[in-house]
Amino acid sequence: MNAAFAIETHGMTRAFGGVNAVENLDLAISKGTIYGFLGPNGCGKSTSIRMLTGLLSPTSGDIRVLGETLPGAEEKLRRRIGYMTQKFSLYDNLSVRENLEFVAQIYGLNRRASKLRIAELVTLYDLVGREKQMAGSMSGGQKQRLALAAATLHHPELLFLDEPTSAVDPENRREFWERLFDLCAQGTTILVSTHYMDEAERCHGLAILEKGIKRADGSPQQLMAAMGARVVEVSGDDLRTLKQSLLSDPNILSAAQIGSRLRVLVQSSIEDPLAWLSPQVAGRALTEVRPSLEDVFVTCTGGRAQLSPAILGHVVQGEAKHAT
Ligand SMILES: Nc1ncnc2c1ncn2[C@@H]1O[C@H](COP(=O)(O)OP(=O)(O)OP(=O)(O)O)[C@@H](O)[C@H]1O
């Protein structure tokens, strides 16, 4: 066990009815960082988080969280970790203050400490004036801030957030991320699951999950730099027909239209993708562009590209052929 890691797992696996929801997941998440699980619905993000919080036992594998072994240390860890679930898990028919008082009681704060901490959180999470409002009558953004206040009331060292921004608008999401970075700056380690690329890009490190398997692991920059494909944008007429014809070539991993451009991922074994593509695009304009995290996601999930193993051992395996 390395003390620099808040979370360390080896071969973490969980099966339901003989099917692996999470398979052989190895994680090493450094303390004081924001780490993301990126993947579509059903890829095993919640199941992984539930195992790491001690709510669900693994079928096999080793789990160490804040230096403690799971299963076994659930009770010890309860006070050291915070968990914000995918669905709003507070009481709709209790007010903001009552909800927070309830959580404070669970963590054994006395009346005075509870009052002080709740006043602090209400200010910090912009809930001043709403203390008596029923949680059920609040907007998505307000509920989310209340849920974060509740999850951090006891100053957890490690915070788990399961798709925390799925019910809020882009402005509230941005603001929420600023709060996460504030918590991180104070030393909190954060594990957040998301299916939004822009959120994943904000993380210090992330794992791309597909069907319970980790397809890639590293910082967004590492993953983009080591992607096993080059990205070319094509502009011109009739991109829908062009897309279909390009996709029949096995060296083209994906072609997706973005506005008036076709974003084409070309196998990295092609040395000069512009020269190679040129005869196939019938005079349309070509530009090579830098990869995005979405390109990484496409190349390492679901298709056929072999990702470069050079990513410091980060990208685990990758195949892709996505027509979007
Ligand atoms: N209690 C359970 N019993 C049976 N199957 C389950 C159970 N919990 C999860 N699964 C299955 O495990 C797989 C992974 O689910 P999980 O909820 O972890 O995915 P996810 O990535 O968090 O997606 P979502 O955002 O939709 O929750 C899915 O196929 C799901 O149906």
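Counting starts at 1 for both ligands and their atoms, following the listed order. Source: prediction; values computed, not measured.
Note on Glu120 versus Arg117: salt bridge recorded, some NZ/NE/NH1/NH2 to OD/OE distance being below 4.0 Å. Taking the charged nitrogens against the carboxylate oxygens, Asp162 and Arg50 have no contact shorter than 4.0 Å, which rules out a salt bridge.
The number of heavy atoms from other shown groups lying within 6.0 Å of CG (Asp237) does not exceed 12. No more than 12 heavy atoms of other residues, nucleotides or ligands lie within 6.0 Å of NZ in Lys211, so this atom counts as exposed by the packing criterion.
For atom 25 (O) of ligand 1, the nearest protein heavy atom (residue, atom name, distance) is Glu163 OE2, 2.9 Å. At the shortest separation from atom 17 (O) of ligand 1 among protein heavy atoms lies Ser46 CB, 3.6 Å. The nearest heavy-atom contact from the protein to atom 18 (O) of ligand 1 is Thr47 OG1, 2.5 Å. For atom 11 (C) of ligand 1, the nearest non-hydrogen atom of the protein is Phe16 CD1, 4.0 Å.
With Asp295 as the fixed residue, the side-chain hydrogen bond (donor to acceptor under 3.5 Å, both in side chains) test singles out one of Arg230, Arg263, Arg290: Arg263.
The shortest N or O to N or O distance between Arg50 and ligand 1 is not below 3.5 Å. Among the atoms of Ala21, none of the N or O lies under 3.5 angstrom from an N or O of ligand 1. The shortest N/O to N/O separation between Gln86 and ligand 1 falls below 3.5 Å.
When distances from atom 30 (C) of ligand 1 to the protein are checked, no heavy atom turns up under 4.0 Å. Within a 4.0 Å radius of atom 15 (O) of ligand 1, the protein has at least one heavy atom.
The aromatic rings of Tyr91 and Phe102 stand perpendicular to each other, their planes meeting at an angle above 60°, with 30° marking the opposite boundary. Using cut-offs of 30° and 60° on the angle between ring planes, the pair Phe181 and Trp177 is tilted.
Under a 4.0 Å criterion applied to the non-hydrogen atoms of Cys43, ligand 1 contributes the atoms 19 (O), 20 (P), 21 (O). Heavy-atom proximity to Gly42, at under 4.0 Å, picks out these atoms of ligand 1: 13 (C), 14 (C), 19 (O), 20 (P), 21 (O), 23 (O), 24 (P), 26 (O), 28 (C).
Taking 4.0 Å as the cut-off, Pro40 counts as a neighbour of ligand 1 on heavy-atom distance. Every heavy atom of Gly39 sits 4.0 Å or more from the atoms of ligand 1.
Side chains of Lys45 and Gln86 form no contact here, defined as non-hydrogen atoms less than 4.5 Å apart. Side-chain contact check for Phe160 versus Leu52: some heavy-atom pair is nearer than 4.5 Å.
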